[in-house]
Amino acid sequence: MLSADQLLDALLERARPLAAAATVPVANTLGRVLAAPLISTITVPPADNSAMDGYAVRAADVPAPGATLPVSQRILAGAVGESLRPGTAARIFTGAPVPAGADAVLMQEDCSGAGDEVVVNAMPRAGENIRRAGEDIAAGAEVLAAGTRIGAAEMGLAASVGAAGLPVFRRLKVACFFTGDELVTPGTPLRPGQIYNSNRYTLSGLVQGLGCELIDLGIVPDTLEATEAALEGAASVADVVVTSGGVSVGEADYVKAAVEKLGRVEMWKVAMKPGKPLVYGRVNDTDFIGLPGNPVSAFVTFCLFVRPFLLKRMGASDVLYRAFTVPAGFTWAKPGTRREFLRARLQRDGRLALFPNQSSGVLTSCAWADGLVDVAIGQTVAPGDFVRFIPFSELLA
Ligand code: AMP
Ligand code: MG
């Protein structure tokens with residue numbers, strides 16, 4: 001059986017980044033992956049400008065606090081002033097270009113008097129309250145690297161250098177289906193023996209949260225024929241197929257057999273809890289990842305393995321989550337024989353609490369938690385011990 005680290009390495013080795021890209025208006029790039037570096041053709045800010053509402057002066061013109069200077073011009077944001085006449089002040093507003101000859105801006109709170117004269121109540125320091133041309137971005141600088149996932153800040157940054165469109169990879173197509181004769185779609189009452197297909201919603205949210213195009217193929221009955229047909233259809237339309245259920249060794253588990261029949265299985269089973277049964281394979285050019293059916297197992301294995309795999313397939317360069325060292329506020333006294341990922345919440349005292357029921361069927365634990373505690377084989381934990389914690393902020397989206 002593979003360790004979780006071995007499985008992740010093997011998956012990332014097999015994840016071939018997309019090649020096709022197109023230019024998309026910046027406003028439509030949220031969640032997309034940049035296909036080429038963005039190089040600025042301009043300097044940001046373009047000119048020295050005022051960080052405050054106040055008065056632009058030459059510091060040497062203010063001999064002592066209380067000095068009075070004539071106000072020789074008014075410069076609003078969007079306007080360009082004239083060179084500062086020696087011995088005068090320019091009324092200036094935030095974002096307005098600092099006039100040539102001025103080397104400081106006094107904030108208006110440090111000045112008094114209005115109209116034609118200003119009394120300067122503080123000594124200006126040369127350079128004070130001036131935002132320098134190029135202090136954010138120099139012309140020719142790389143603003144965003146290829147492989148960057150575009151979020152709100154990246155969209156704004158691209159616009160700040162005047163980019164109208166960005167080259168982004170096409171969206172990765174991910175088809176999902178959910179195996180199980182017991183599954184019912186919400187909206188229909190349950191009959192005895194049935195449960196709702198919660199994985200459909202969990203995985204839809206996870207796949208769409210990454211910016212992939214979701215192809216939802218619904219519930220598939222527990223027969224080899226139906227599983228094969230679903231897999232064949234999914235593989236013909238998607239870059240990656242992700243399923244839940246049917247990957248153990250039960251009598252109604254046909255997923256692995258279907259992948260073996262239509263393509264090949266390359267990895268099976270990972271030594272961790274939750275989530276031991278997990279299949280990776282290929283059907284023609286399409287990747288296949290079969291997740292376990294237990295709702296917590298499907299969620300956790302998606303976060304730890306499928307997410308980095310999909311991100312790399314999408315062309316993203318930063319695909320691995322970060323883990324942090326956080327003090328435990330709980331006791332974990334039963335050393336396991338598999339690595340465990342426990343659902344935990346960060347408390348106000350800075351310590352972690354565990355959800356009381358760590359069963360792989362209890363999805364409430366995932367909604368309650370802030371992340372996963374990574375417990376090594378044989379590890380026990382006492383309150384105050386430091387543990388490895390992976391926040392959901394690193395695993396979702
Ligand atoms: P399996 O991996 O198919 O053996 O399923 C393991 C457990 O997960 C069983 O209790 C199933 O009923 C449950 N399960 C499987 N698929 C789903 C699903 N789509 N939504 C909720 N529970 C599921
Ligand atoms: Mg099943």
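Both ligands and their constituent atoms are indexed starting at 1 by order of listing.
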What protein heavy atom lies closest to [atom]? Include the residue and the distance to one decimal.
atom	result
atom 22 (N) of ligand 1	I195 CD1, 3.4 Å
atom 12 (O) of ligand 1	E182 OE2, 2.6 Å
atom 3 (O) of ligand 1	G246 N, 2.9 Å

Any side-chain heavy-atom pair of N49 and R132 under 4.5 Å: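 Side-chain contact under 4.5 Å: no.
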Taking the side chain as every heavy atom from C-beta outward, state whether V241 and I289 have any atom pair closer than 4.5 Å.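 No - every pair of side-chain heavy atoms lies 4.5 Å or more apart.
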By number and element, which atoms of ligand 1 are closer than 4.0 Å to a non-hydrogen atom of S244? 19 (N)
What are the atoms of ligand 1, with element, lying closer than 4.0 Å to any heavy atom of Y196?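 This gives 20 (N), 21 (C) as the contact atoms.
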Quick one: does NZ or CZ of R91 land under 6.0 Å from the six-membered ring centre of Y55, within 45 degrees of the ring axis?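 Yes, R91 lies over the aromatic ring of Y55.
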Determine the minimum heavy-atom distance between A96 and A77, stating which atoms define it. CB-N, 3.7 Å
Applying the side chain to side chain contact (heavy atoms under 4.5 Å, CB included) criterion to L304, which one of I390, L8, D374 satisfies it? I390
Please test V143 against L157 for side chain to side chain contact (heavy atoms under 4.5 Å, CB included), starting from the C-alpha separation and ending with a verdict. CA-CA 8 Å; V143 178; L157 195 56; 3.4 Å; yes
Classify the contact between [X] and ligand 1 as side chain, backbone, both or neither, using a heavy-atom distance cut-off of under 4.0 Å.
X	value
P277	neither
V247	neither
S198	both

I'd like the name of whichever of [options] reaches closest to [atom] through any heavy atom.
atom	options	answer
atom 10 (O) of ligand 1	N199, N294, D222, T179	N294
atom 13 (C) of ligand 1	G245, S360, S297, G293	G293
atom 19 (N) of ligand 1	N197, T202, L363	N197

I'd like to know if the side chain of D53 pairs up with that of T94 as donor and acceptor (distance under 3.5 Å, no hydrogens or angles considered).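 Looking only at side-chain atoms, T94 and D53 do form a donor-acceptor pair, the distance falling under 3.5 Å.
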Is there a heavy atom in G180 that sits closer than 4.0 Å to ligand 1? no
Apply side-chain hydrogen bond (donor to acceptor under 3.5 Å, both in side chains) to residues D136 and S160 and explain how you reach the verdict. CA-CA 10 Å; D136 188 354; S160 78; 5.1 Å; no
